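Before any comments, here is the structure.
Values reported hereafter were calculated over all heavy atoms of this structure, with side chains retained and with hydrogens, waters and symmetry mates removed. Note that the coordinates shown come from a computational prediction; the quantities given were computed from them, not determined experimentally. In what follows, chains are A, B, ... by sequence order, proteins preceding strands, each numbered from 1.
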Number of protein chains: 2
Amino acid sequence: MPSPPAAFRLTPQRGAVRDVVRQAQDHPTAREVYQRVRHRAPGIGFATVYRALNLLADHGQVLELQLGDEAVARYDGNVARHDHVVCNPCGAVADVSVELPAHVTIEATAASGFAVDAYELRFSGRCPSCSD
Amino acid sequence: MPSPPAAFRLTPQRGAVRDVVRQAQDHPTAREVYQRVRHRAPGIGFATVYRALNLLADHGQVLELQLGDEAVARYDGNVARHDHVVCNPCGAVADVSVELPAHVTIEATAASGFAVDAYELRFSGRCPSCSD
DNA sequence: GTCCCTGCAAAAGTTTTGCATTGCG
DNA sequence: CGCAATGCAAAACTTTTGCAGGGAC
């Protein structure tokens with residue numbers, strides 16, 4: 001079972017959190033999601049946002065990421081399999097999608113002994129702004 | 001300049017930290033490195049370990065990683081370019097090394113606009129113990 | 001003597017949890 | 001009513017930083 005199929009109640013707060021993450025063009029932290037959600041749901045508390053993010057992530061409706069060297073979780077509303085490019089100087093993150101030859105996963109399985117069923121590629125470099 | 005060429009003083013404490021990370025078979029957190037280093041350098045403080053890890057990472061003598069969904073940094077003494085396989089159920093991490101075709105990096109550069117100069121592949125699945 | 005390093009302790013920032021209240025079923 | 005969800009506040013952790021003392025050069 002790749003992800004919990006069980007349903008959950010989509011309360012107004014949870015819906016707002018989900019929408020904020022889906023519409024975000026960047027990869028916001030929990031705190032940033034909280035700040036943005038407050039515009040739609042003024043009385044919402046941080047704990048509600050935090051628990052909603054965990055819930056949504058558990059149900060595959062949102063992705064939880066650890067990017068760069070930062071010690072904070074970031075959220076991604078793009079649920080389709082995709083990869084990331086991180087800018088070393090400024091920390092900017094962009095989505096990209098790279099298809100890997102099937103033999104790569106097979107090799108990884110053979111080399112590690114793990115049953116590999118997914119991958120994520122993380123590129124690093126310099127964003128256009130930092131390349132100038 | 002990929003990494004700061006400037007030298008730094010390899011004090012006994014820093015040497016002990018470096019050795020602990022290099023000899024670790026797992027990917028210890030700063031706290032774990034601290035606990036292990038205390039066996040060799042009994043009076044050492046956590047701040048010293050923490051600063052040593054950052055210093056070593058800055059000089060490319062150690063790798064700092066964010067693995068899984070955890071919000072803690074882990075350290076890897078394997079400095080050669082390599083990838084990781086994470087076990088979803090238990091969090092175990094294994095090193096693997098996968099050579100990607102050159103065109104992959106080129107594609108990522110074209111698709112993102114970033115000047116991509118490195119990558120890390122993160123596989124996920126189940127380790128042998130969790131597959132039983 | 002000067003500068004860097006260490007250790008202790010505290011500050012800052014995130015993540016997580018307890019609990020009383022609220023509200024939908 | 002019964003139970004899940006919310007909000008507020010407080011823990012529990014990690015990561016960082018300030019400072020005084022000590023050692024290396």
Worksheet item: Would one find more than 12 heavy atoms of other residues, nucleotides or ligands at under 6.0 Å from atom CD of B:Gln23?
Response: yes

Worksheet item: Does the cation-pi check pass for A:Arg31 over A:Phe46, that is, NZ or CZ under 6.0 Å from the six-membered ring centre and within 45° of its axis?
Response: yes

Discussion item. What's B:Thr11 touching, base or sugar-phosphate or nothing? Going by heavy atoms closer than 4.0 Å.
Written reply: sugar-phosphate

Fill in: Toward the 5' end of DNA chain C, by each residue's nearest nucleotide, A:Gln66 or B:Leu55
B:Leu55

Worksheet item: Can you check the A:Phe8 CZ to D:dA5 P distance for me, whole Å?
Response: 10 Å

Item to complete: To the nearest Å, give me how far apart CZ (A:Phe46) and P (D:dG7) are.
Response: 13 Å

Fill in: Check: A:Arg22 side chain, A:Val17 main-chain N or O, donor-acceptor pair, under 3.5 Å
no

Discussion item. Side chain of B:Ala47, heavy atoms from C-beta onward: which of C:dC24, D:dG7, C:dC8 has the nearest atom to it?
Written reply: C:dC8

Practice prompt. Send over the distance from B:Leu65 CG to D:dT15 C1', rounded to a whole Å.
Written response: 17 Å

Practice prompt. Using a 4.0 Å heavy-atom cut-off across all strands, classify A:Arg31 as base, sugar-phosphate, or nothing.
Written response: base

Worksheet entry | Atom-to-atom span, CD1 of A:Ile44 to P of D:dG7 - whole angstrom | 6 Å

Worksheet item: Of the candidate nucleotides C:dT15, D:dT6, D:dT15, which contains the atom at the shortest distance from the side chain of B:Ala73?
Response: D:dT15

Worksheet item: What is the distance, rounded to the nearest whole Å, between atom OH of A:Tyr34 and atom C1' of C:dG13?
Response: 15 Å

Worksheet item: Taking the side chain of A:Ala30 as heavy atoms from C-beta outward, which of C:dG7, C:dT15, D:dG7 is closest to it?
Response: C:dT15

Practice prompt. Would you indicate what A:Arg14 reaches in the nucleic acid, counting non-hydrogen atoms under 4.0 angstrom: base, sugar-phosphate, or nothing?
Written response: sugar-phosphate

Worksheet item: Nearest-Å distance, CG (A:Leu10) to C1' (C:dC24)?
Response: 14 Å

Item to complete: Mind telling me whether A:His27 and A:His84 have parallel, tilted or perpendicular rings, with 30° and 60° as the class edges?
Response: perpendicular

Practice prompt. Would you mind telling me which residue lines up with the more 5' stretch of DNA chain D, B:Val72 or B:Arg9, judged by nearest nucleotide?
Written response: B:Val72

Worksheet entry | First of B:Arg51 and B:Arg74 reached from the 5' end of DNA chain D, by closest nucleotide | B:Arg74

Discussion item. Rounded to whole Å, please give me the gap between CZ in A:Arg38 and C1' in D:dC8.
Written reply: 13 Å

Worksheet item: Are side-chain heavy atoms of A:Asp26 and A:Tyr75 found at a separation under 4.5 Å?
Response: no

Item to complete: Rounded to the nearest angstrom, tell me the gap between atom CD in B:Glu70 and atom P in D:dT15.
Response: 11 Å

